[in-house]
Amino acid sequence: MKYTDIKDKTAAELATMLKEKKVLLFTLKQKLKTMQLTNPKEVSEVKKDIARINTAINALK
């Protein structure tokens with residue numbers, strides 16, 4: 001996901017995206033701890049997506 005993809009979304013859409021990404025991050029961390037995750041780089045990608053969404057939310061304020 002790129003910042004240009006999310007900068008035109010509304011605050012409500014960004015909030016739902018943020019919640020979904022945080023849930024995904026939680027499940028990925030659980031899978032990482034139980035050795036079920038095949039690609040550990042997914043965790044850092046989701047963290048970066050969360051940071052991009054937070055940036056877009058702060059830009060709306």
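All values derive from a computational prediction rather than experimental measurement.
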- Message: side chain to side chain contact (heavy atoms under 4.5 Å, CB included), that's the test. Do Leu14 and Leu60 meet it? Break it down for me.
- Response: CA-CA 10 Å; Leu14 290 172; Leu60 290 176; 3.7 Å; yes
Considering non-hydrogen atoms only, spot the tightest contact between [X] and [Y] and give its length.
| X | Y | value |
| --- | --- | --- |
| Lys9 | Asp5 | CE-O, 3.8 Å |
| Glu13 | Thr16 | O-OG1, 2.7 Å |
| Leu25 | Lys47 | CD1-CG, 4.0 Å |

Distance col, row Glu45:CD vs Met1:CE, nearest 0.5 angstrom, shows 11.0 Å
For this session: Identify which one of Glu20, Lys48, Lys22, Met17 satisfies the side chain to side chain contact (heavy atoms under 4.5 Å, CB included) criterion when paired with Ile53.
Result: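 Of the listed options, the one satisfying the test is Met17.
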State which residues pass side chain to side chain contact (heavy atoms under 4.5 Å, CB included) with [X]; sequence neighbours excluded, sorted by chain then number.
| X | answer |
| --- | --- |
| Tyr3 | Ile6, Lys7, Thr55, Ala56, Ala59 |
| Leu37 | Leu28, Lys31, Leu32, Glu42, Val43 |
| Lys33 | none |

- Query: If two hydrophobic side chains count as joined below 4.5 Å and joins carry through other members, does Phe26 share a cluster with Ile50?
  - Reply: no
